[in-house]
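Taking it in order: structure first as structure tokens, then the write-up.
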Amino acid sequence: FFFNYTIRYIGGVAGANQLWSVNIEEQFYLIWPWLVQKFTQRNILKILIAVILFKILFLLKMNRLTFLHIKVVNAIQSFIIEYMCVGAIGAILFYNHRDIIITWFKKNLVLIPVVFFFGFSLFFNIPMLIKAICFLLLIFVVISRQVYFGPMDFLGKISYGIYMFHPIIMYLLMPFC
């Protein structure tokens with residue numbers, strides 16, 4: 001749960017730096033069930049949007065917030081939940097407006113800009129939040145077109161394991177290189 005804080009305060013952990021993504025998931029899944037239980041979908045959307053806007057404003061103004069202790073600034077920067085908020089907003093929108101999203105994202109007029117901008121965002125220094133939004137739009141395209149490719153399905157099933165264990169395997173093989 002505190003891995004991103006550990007990286008900020010102590011530094012990276014050899015062979016375990018990829019755990020940042022698990023850290024974000026843990027933070028999200030500790031908060032998400034409580035939100036769903038306590039609030040309506042409309043209020044959850046407002047909260048998710050408020051979290052994203054707070055983070056954007058904080059990052060834009062953090063250099064001017066001299067009254068905050070550096071550890072508070074680091075803690076807020078490390079709590080990178082805004083990307084999960086984008087996904088949650090997408091899930092709520094898809095749940096409530098499935099037919100509209102599928103119809104709209106089947107159109108080639110939508111596909112071309114989404115694929116172009118997503119590809120563009122991979123190679124240029126675009127804020128991660130914009131990349132998260134592009135990835136959400138790309139997910140909508142894939143869902144609406146019911147894209148299925150067997151080898152990609154297989155890679156999707158094993159990719160998390162590869163992602164988690166590749167640093168350890170690299171460290172074990174380095175003496176032989």
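Quick caveat, the model's predicted, so the values are computed rather than measured.
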**Asked** Stepwise, does the side-chain contact (heavy atoms from CB on, under 4.5 Å) test hold for Phe105 with Ile139?
**Response** CA-CA 10 Å; Phe105 280 88; Ile139 289 171; over 6 Å; no
**Message:** Applying side chain to side chain donor-acceptor pair (under 3.5 Å), can you list everything that pairs with Lys38, at least two apart in sequence or on another chain?
**Reply:** none
**Non-hydrogen atoms of Ile44 and Val36 that approach each other most closely** = CD1-CA, 3.7 Å
**Asked** CD1/Ile52 to CD1/Ile47 distance, rounded to the nearest 0.5 angstrom?
**Response** 12.5 Å
List the atom pairs, donor and acceptor, that lie under 3.5 Å between side-chain atoms in residues 95-103 and the rest of the protein, sequence neighbours left out.
unit_1: Asn96; atom_1: ND2; unit_2: Gln41; atom_2: OE1; d: 2.4
unit_1: Asn96; atom_1: ND2; unit_2: Ile92; atom_2: O; d: 3.1
unit_1: Thr103; atom_1: OG1; unit_2: Asp99; atom_2: O; d: 2.8

**Message:** Within this structure, what is the CG-CG distance for the pair Asn43 and Leu35, rounded to the nearest 0.5 Å?
**Reply:** 10.0 Å
**Message:** Can you classify the ring geometry of Phe39 versus Trp34 as parallel (below 30°), tilted (30 to 60°) or perpendicular (above 60°)?
**Reply:** perpendicular
**Request:** Supply the atom-to-atom distance Leu48 CG to Ile81 CD1, rounded to the nearest 0.5 angstrom.
**Result:** 9.5 Å
**Prompt:** Is Phe94 atom CZ crowded by more than 12 heavy atoms from other residues, nucleotides or ligands, each under 6.0 Å away?
**Reply:** yes
**Item:** Interatomic distance, Phe135 atom CZ to Tyr83 atom OH [nearest 0.5 angstrom]
**Value:** 14.5 Å
**Request:** Quick one: which residue pairs count as a salt bridge (charged side-chain N to carboxylate O under 4.0 Å, His left out) with a foot in residues 157-167, not counting sequence neighbours?
**Result:** Asp153-Lys157
**Complete:** dist Leu136:CG -> Ile133:CD1 (nearest 0.5 Å) comes out at 8.0 Å
**Prompt:** Which atom names give the shortest non-hydrogen contact between Arg145 and Lys106, and what distance separates them?
**Reply:** NH2-O, 2.8 Å
